[in-house]
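Everything on this sheet refers to the single structure shown next.
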Amino acid sequence: MRKPLVSLGALVFLATCLVSLFAVTLSGHQEEFRAGRVAILTDWTTDHVLYPLYGEADRMALAQRDPRAIFSWLRHSPNAPRPRPRPPFGSSRGFHRDWSINLGAAGTAANMYPAKFTFDIAATPSCADDYIVYPVNTAGSASQANLVAFNNLYSGTGAGGTGSCNRTPTTDDDGVDATVLWSYNVNAVGGAVTTSPVLSWDVAGASPSVLGTKVAFVESAGLGTVAHFHVLAWRAGDGQDTTDPDGLQNTLEPAQITSFVTTDPAAGSGTATDLALETTDTLSAPYVDYTNDYAYVGDDNGDLYRIKDVFCPSYNTDAGCTAGLAPSLDTSWGTAGVVTVGGNCGMLTGPVDDSVTGNVFVGCSDGKIYGFTSTGAKLSPASLTLGDGSPFGGIVVPPIVDSSNGLVYAVTGTNDTSPVLLQANTAFGAVKRVALGLAPTSPGDDLSVPTFNTAYFSSATSSDWAILSCGYDSTGTLTELYD
């Protein structure tokens with residue numbers, strides 16, 4: 001018999017009474033929520049771990065441990081605070097460019113994303129406090145950042161309008177572009193930041209509390225080198241050359257970090273930690289389990305790591321955090337902090353953690369999705385096959401986990417005849433596979449991340465739910481949208 005669903009009204013109550021329900025992890029935000037201020041983080045994991053408003057009651061109770069659940073419920077609840085729009089730029093319709101800033105020799109890698117901090121989704125967007133962090137997919141140097149952040153995001157002159165963050169021009173600021181909040185070349189191996197960064201969830205008891213004071217990311221220099229996991233405690237203004245008339249818009253004069261601290265980096269210190277992995281990392285962005293302060297990250301050799309003491313927020317009572325230690329491999333996971341996927345697995349995607357079961361899921365270039373328990377043991381079965389492992393039959397985008405309903409999704413370019421979308425439960429049972437047209441004709445023609453309609457998050461009626469994904473037409477060259 002199906003377990004009872006939590007009602008929408010109950011979840012609205014959950015989302016608006018966060019402090020009493022999440023007293024350990026969210027107590028530092030008590031005054032913020034009472035006052036109506038709701039700060040949120042948005043990064044690559046936002047689209048890969050789902051928290052619909054309806055689900056089995058016991059799962060929903062466990063899901064609330066992840067702050068991403070709160071962010072999701074606030075976004076989708078009809079009674080939650082709504083973002084206030086910025087002042088309009090103009091009356092013309094369609095897209096237009098507001099600003100553009102040179103990142104140097106490269107931009108953000110394909111299928112990777114920036115991370116954004118929003119100071120208050122219920123207020124007018126903040127010019128000073130809202131910021132976005134971009135990874136730069138090229139080796140850092142004295143004239144090239146590999147990680148950069150911008151604020152004054154809502155600037156511009158597109159369509160003849162005026163951005164809400166436009167400023168009076170000065171010798172250092174043109175007044176109409178976003179501005180560099182900070183810019184770094186974090187250099188352990190002279191590498192690029194090839195994957196997506198993740199921001200910290202900080203509960204320090206300050207008034208108001210601050211989110212995103214630290215950034216976790218991976219630096220990788222490519223074939224034959226070892227990737228490095230870093231946590232950066234950024235400092236506003238680092239990398240800005242205020243003596244240059246264009247300094248505030250110049251990302252090519254980054255602050256250099258070539259030596260690393262061995263303790264938890266203090267917020268605002270402009271310092272970073274360093275942890276060497278075992279080989280390169282091309283696709284696997286770190287996933288942070290905020291409840292336990294773990295980070296999961298994979299490499300190009302089928303190894304999956306669990307790192308502890310990542311951000312060391314005040315709610316984490318681990319002795320290592322109390323002692324101020326830098327992030328390190330969690331030896332209680334697998335073998336000395338590492339599990340080897342096995343088989344023919346090579347390049348791993350970003351891993352995704354289910355906050356309810358603690359199971360961790362990751363895709364691989366061999367066309368399979370793998371699952372592990374919270375101790376690093378393999379699920380049974382240990383993997384599910386989607387693709388054929390060919391150049392376009394691997395899995396290159398991370399799985400998607402619906403923690404409210406206990407489901408996991410993954411997509412691959414081909415299983416020899418067609419692209420495949422897979423759905424299973426988080427124990428790797430009840431497996432369903434759907435073909436999405438014909439196989440692509442060119443290697444590297446990988447499908448994008450599936451997306452879910454509004455009813456998937458807001459309706460208890462499963463017949464209203466829809467999953468949208470791209471596939472290929474009868475020629476295998478043009479994409480089509482599948483519902």
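We count residues from 1, following the sequence as given.
Between the side chain of Asn146 and the backbone N or O of Val186, at least one donor-acceptor pair lies under 3.5 Å. A donor-acceptor distance shorter than 3.5 angstrom exists from the side chain of Asp130 to the backbone of Phe119, with no hydrogens or angles considered. At distances below 3.5 Å, at least one donor-acceptor pair connects side-chain atoms of Asp293 with backbone N or O atoms of Cys312. Of the possible polar contacts, none joining the Arg235 side chain to the Ala233 backbone as a donor-acceptor pair under 3.5 Å is found. A donor-acceptor pair is defined here as one N or O able to donate and one able to accept, closer than 3.5 Å; no such pair exists between the side chain of Trp234 and the backbone of Ala267. For Arg306 (side chain) and Val339 (main-chain N/O), no donor-acceptor pair under 3.5 Å exists by modelled atom type. Looking at Thr273, its side chain does come within 3.5 Å of a backbone N or O of Val231 through a donor-acceptor pair. Not one N or O on the side chain of Glu253 forms a donor-acceptor pair closer than 3.5 Å with the backbone of Ala145. Judged by distance alone, the side chain of Ser284 and the main-chain N or O of Gly298 form a donor-acceptor pair under 3.5 Å. Using modelled atom types, no side-chain atom of Gln144 and backbone atom of Thr138 make a donor-acceptor pair closer than 3.5 Å.
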Working for ring pair (Phe, Tyr, Trp, His ring centres under 6.0 Å), residues Phe372 and Tyr296
CA-CA 12 Å; Phe372 300 89; Tyr296 295 94; 9.7 Å; no
Please walk me through it: do Val218 and Phe229 pass side-chain contact (heavy atoms from CB on, under 4.5 Å)?
CA-CA 5 Å; Val218 176; Phe229 175 83; 4.2 Å; yes
Assess the residue pair Tyr456 and Leu50 against the criterion (side-chain contact (heavy atoms from CB on, under 4.5 Å)); give the C-alpha distance rounded to whole Å, side-chain angles, the decisive distance to 0.1 Å, and a yes or no.
CA-CA 10 Å; Tyr456 189 95; Leu50 310 181; 4.1 Å; yes
Could you go through the side-chain contact (heavy atoms from CB on, under 4.5 Å) check for Ile395 and Tyr370 one step at a time?
CA-CA 11 Å; Ile395 301 176; Tyr370 292 83; over 6 Å; no
Carefully, step by step, assess Val49 and Ser403 under the rule side-chain contact (heavy atoms from CB on, under 4.5 Å).
CA-CA 7 Å; Val49 59; Ser403 287; 4.1 Å; yes
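With sequence neighbours left out, the side chain to side chain contact (heavy atoms under 4.5 Å, CB included) criterion links Thr375 to Thr373, Ala377. Ala276 is linked by a side chain to side chain contact (heavy atoms under 4.5 Å, CB included) to Val226, His228, counting only residues two or more places apart in sequence or in another chain. The ring pair (Phe, Tyr, Trp, His ring centres under 6.0 Å) check on His230 picks up Phe217, Phe260, with sequence neighbours excluded. In this structure Phe361 satisfies the ring pair (Phe, Tyr, Trp, His ring centres under 6.0 Å) test together with Phe428, sequence neighbours excluded. Qualifying side chain to side chain contact (heavy atoms under 4.5 Å, CB included) partners for Thr279, counting only residues two or more places apart in sequence or in other chains: Asp299, Asn301. Partners of Tyr184 under the ring pair (Phe, Tyr, Trp, His ring centres under 6.0 Å) rule, at least two apart in sequence or in another chain, are Trp182. Taking Tyr294 as the reference, nothing meets the ring pair (Phe, Tyr, Trp, His ring centres under 6.0 Å) condition, with sequence neighbours excluded.
One finds the CG atom of Asp274 at 10.5 Å from the OG atom of Ser259 (value rounded to the nearest 0.5 Å). Separation of atoms CD1 (Ile40) and CG (Leu74) is listed at 8.5 Å; rounding is to 0.5 Å. Expressed to the nearest 0.5 Å, how far CG of Asn151 lies from CG of Asp129 amounts to 8.5 Å. Asp289 contributes atom CG, which lies 11.0 Å from atom OG1 of Thr45 (distance to the nearest 0.5 angstrom). Atom NE2 in His48 sits 10.0 Å away from atom CG in Asp43 (nearest 0.5 Å). To the nearest 0.5 angstrom, Ser365 atom OG is 7.5 Å from Leu348 atom CG.
For the residue pair Tyr51/Ser355, the side-chain donor-acceptor check at 3.5 Å is satisfied. Side-chain atoms of Ser220 and Asp281 form no donor-acceptor pair, as typed in the model, at a separation below 3.5 Å.
Of all heavy-atom pairs between Pro450 and Ile400, the closest is O-CD1, 3.8 Å. Closest heavy-atom contact between Ala178 and Ser155: N-CB, 4.1 Å. Of all the heavy atoms in Ala115 and Pro197, the pair that sits closest is CB-O, 3.8 Å. Here the shortest heavy-atom pairing between Asp300 and Met347 reads OD1-CG, 3.3 Å. Annotation for Pro286 and Trp44: closest pair O-NE1, 2.9 Å, computed over non-hydrogen atoms. Considering all non-hydrogen atoms of both residues, Leu329 and Leu275 come closest at N-CD2, 4.1 Å.
Here the side chains of Lys308 and Trp333 are not in contact, with every heavy-atom distance at 4.5 Å or above. By the 4.5 Å heavy-atom criterion applied to side chains, Phe71 and Thr46 are not counted as neighbours. Side-chain contact between Val148 and Pro254 is absent, with no heavy-atom pair separated by less than 4.5 Å. Between Phe457 and Phe452, the closest side-chain pair of non-hydrogen atoms falls below 4.5 Å. The side-chain heavy atoms of Thr108 and Pro135, taken from C-beta on, include a pair separated by under 4.5 Å. Leu232 is listed as a side-chain neighbour of Ile257, based on a closest heavy-atom distance under 4.5 Å. Counting heavy atoms from C-beta on, the side chains of Trp99 and Val176 never come closer than 4.5 Å. The closest side-chain heavy-atom distance from Phe150 to Thr251 is below 4.5 Å.
Under the salt bridge (Lys or Arg N to Asp or Glu O under 4.0 Å) criterion, the residue pairs touching residues 260-271 are Lys214-Asp264, with sequence neighbours excluded. Screening residues 133-145 for salt bridge (Lys or Arg N to Asp or Glu O under 4.0 Å) gives no qualifying pairs among residues at least two apart or on separate chains. Sorted by first and then second residue, the salt bridge (Lys or Arg N to Asp or Glu O under 4.0 Å) pairs with a member in residues 348-360 read Arg59-Asp354; sequence neighbours excluded. Sequence neighbours left out, not one pair with a member in residues 355-364 passes salt bridge (Lys or Arg N to Asp or Glu O under 4.0 Å). Screening residues 186-195 for side-chain hydrogen bond (donor to acceptor under 3.5 Å, both in side chains) gives no qualifying pairs among residues at least two apart or on separate chains.
Ring-plane geometry between Tyr131 and Phe117 is classed as tilted, the angle between the planes lying from 30 to 60 degrees on a 0 to 90 degree scale.
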